[in-house]
Engineer: 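Just passing along the structure, written as C-alpha cells.
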Amino acid sequence: RAACSAAPPAMGVEGSGIAVGLNKGHTTTKRELKARPASRKGVAGKRVKFVRGLIREVCGLAPYEKRLCEMLKVGRDKRALKLAKAKLGTHIRAKRKREEMAGYMRAQKSKK
C-alpha cells in the first residue's frame with residue numbers, strides 16, 4: 001500500500017470529496033458559531049475582580065499566606081510549594097498561589 005500524502009485542506013473547508021484517506025468525505029465549510037456562555041466559565045468579571053481586590057486590601061493575608069511569604073523571602077520556594085499544596089489540595093493550585101504570593105511581595109516592595 002502506498003502512503004497517501006494529500007495536502008491538508010484549506011482553512012475552513014472539511015473533506016476532500018474522496019471516499020478514502022485521512023481527509024475523506026464531503027467538502028464542507030465550517031460555520032462560524034457564536035461563543036457559548038460556558039466558554040467564559042471561570043473568568044472573573046470586572047466587578048468581582050474589584051471586590052476581591054478590595055477585600056484583600058482590607059483583610060490582608062491569611063496566616064498560611066504569611067508563612068508562604070516568609071518562606072519565599074528566605075528562598076525556600078520548594079518548601080513554600082509543599083505548604084501551599086498541603087493547604088490547597090492540588091499541585092496546580094499550589095503553584096498558582098506561590099506565584100500570586102511572589103507577585104504580592106513584588107508589589108509590596110515596589111510600593112515602598
Side-chain angles (χ1 to χ4, degrees):
R1 238 187 237 199
C4 180
S5 60
M11 194 66 189
V13 177
E14 293 290 312
S16 62
I18 300 173
V20 293
L22 290 174
N23 194 29
K24 67 184 177 185
H26 290 288
T27 304
T28 58
T29 306
K30 278 274 193 192
R31 295 184 338 179
E32 279 298 317
L33 298 175
K34 217 164 44 169
R36 298 175 68 155
S39 63
R40 283 195 68 249
K41 183 173 165 49
V43 178
K46 197 166 51 172
R47 182 184 172 92
V48 170
K49 196 172 183 179
F50 169 74
V51 170
R52 284 185 185 154
L54 187 65
I55 290 171
R56 166 70 72 184
E57 206 175 295
V58 172
C59 298
L61 300 176
Y64 84 95
E65 291 176 332
K66 288 177 185 167
R67 274 176 49 207
L68 274 176
C69 286
E70 284 302 314
M71 286 180 184
L72 292 172
K73 235 178 255 179
V74 295
R76 310 237 4 225
D77 290 24
K78 190 171 181 179
R79 190 76 206 161
L81 182 67
K82 286 181 84 171
L83 171 69
K85 186 176 182 302
K87 291 292 183 184
L88 299 171
T90 69
H91 186 68
I92 290 172
R93 286 178 185 172
K95 286 198 298 188
R96 195 178 299 139
K97 179 59 79 173
R98 182 177 62 175
E99 284 307 307
E100 183 189 329
M101 289 297 105
Y104 178 81
M105 286 169 47
R106 277 193 299 274
Q108 292 301 317
K109 197 178 281 186
S110 67
K111 274 186 184 177
K112 290 179 181 176

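This is a predicted model, so every value here is computed, not measured.
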Engineer: Going from CZ on Arg36 to NZ on Lys41, what distance comes out if it is rounded to the nearest 0.5 angstrom?
Structural biologist: 14.0 Å
Engineer: Can you name the side-chain contact (heavy atoms from CB on, under 4.5 Å) partners of Glu32, sequence neighbours left out?
Structural biologist: none
Engineer: Between atom CZ of Arg98 and atom CE of Met71, what is the distance when rounded to the nearest 0.5 Å?
Structural biologist: 12.0 Å
Engineer: Count the heavy atoms belonging to other residues, nucleotides or ligands that lie under 6.0 Å from CD of Gln108, then report whether that count exceeds 12.
Structural biologist: yes
Engineer: Can you establish whether the number of heavy atoms outside Leu54 located under 6.0 Å from its atom CG is more than 12?
Structural biologist: yes
Engineer: Looking at Cys69 and Leu61, what are the two nearest heavy atoms and their distance?
Structural biologist: SG-CD1, 3.9 Å
Engineer: So does Lys73 pair up with Glu70, basic N to acidic O under 4.0 Å?
Structural biologist: yes
Engineer: Is Lys109 close to Met105 at the side-chain level, that is, under 4.5 Å between some pair of heavy atoms?
Structural biologist: no
Engineer: Please check if Tyr104 and Leu88 belong to a single hydrophobic cluster, counting links between Ile, Leu, Val, Met, Phe, Trp and Tyr side chain heavy atoms closer than 4.5 Å.
Structural biologist: yes
Engineer: For a quick test of reading the model, state the closest non-hydrogen atom pair linking Leu68 to Ala80 and the distance between them.
Structural biologist: CD2-O, 3.0 Å
Engineer: Applying a strict under-4.5 Å side-chain criterion to I, L, V, M, F, W and Y, I'd like to know whether Met101 and Leu81 cluster together.
Structural biologist: no
Engineer: For Ser39 and Ala35, work out which heavy atoms get closest and say how close.
Structural biologist: OG-CB, 4.2 Å
Engineer: For a quick test of reading the model, state the closest non-hydrogen atom pair linking Lys24 to Ala19 and the distance between them.
Structural biologist: CD-O, 3.4 Å
Engineer: Taking salt bridge (charged side-chain N to carboxylate O under 4.0 Å, His left out) as the test, write out the residues that go with Arg56, two or more places apart.
Structural biologist: Glu65, Glu100
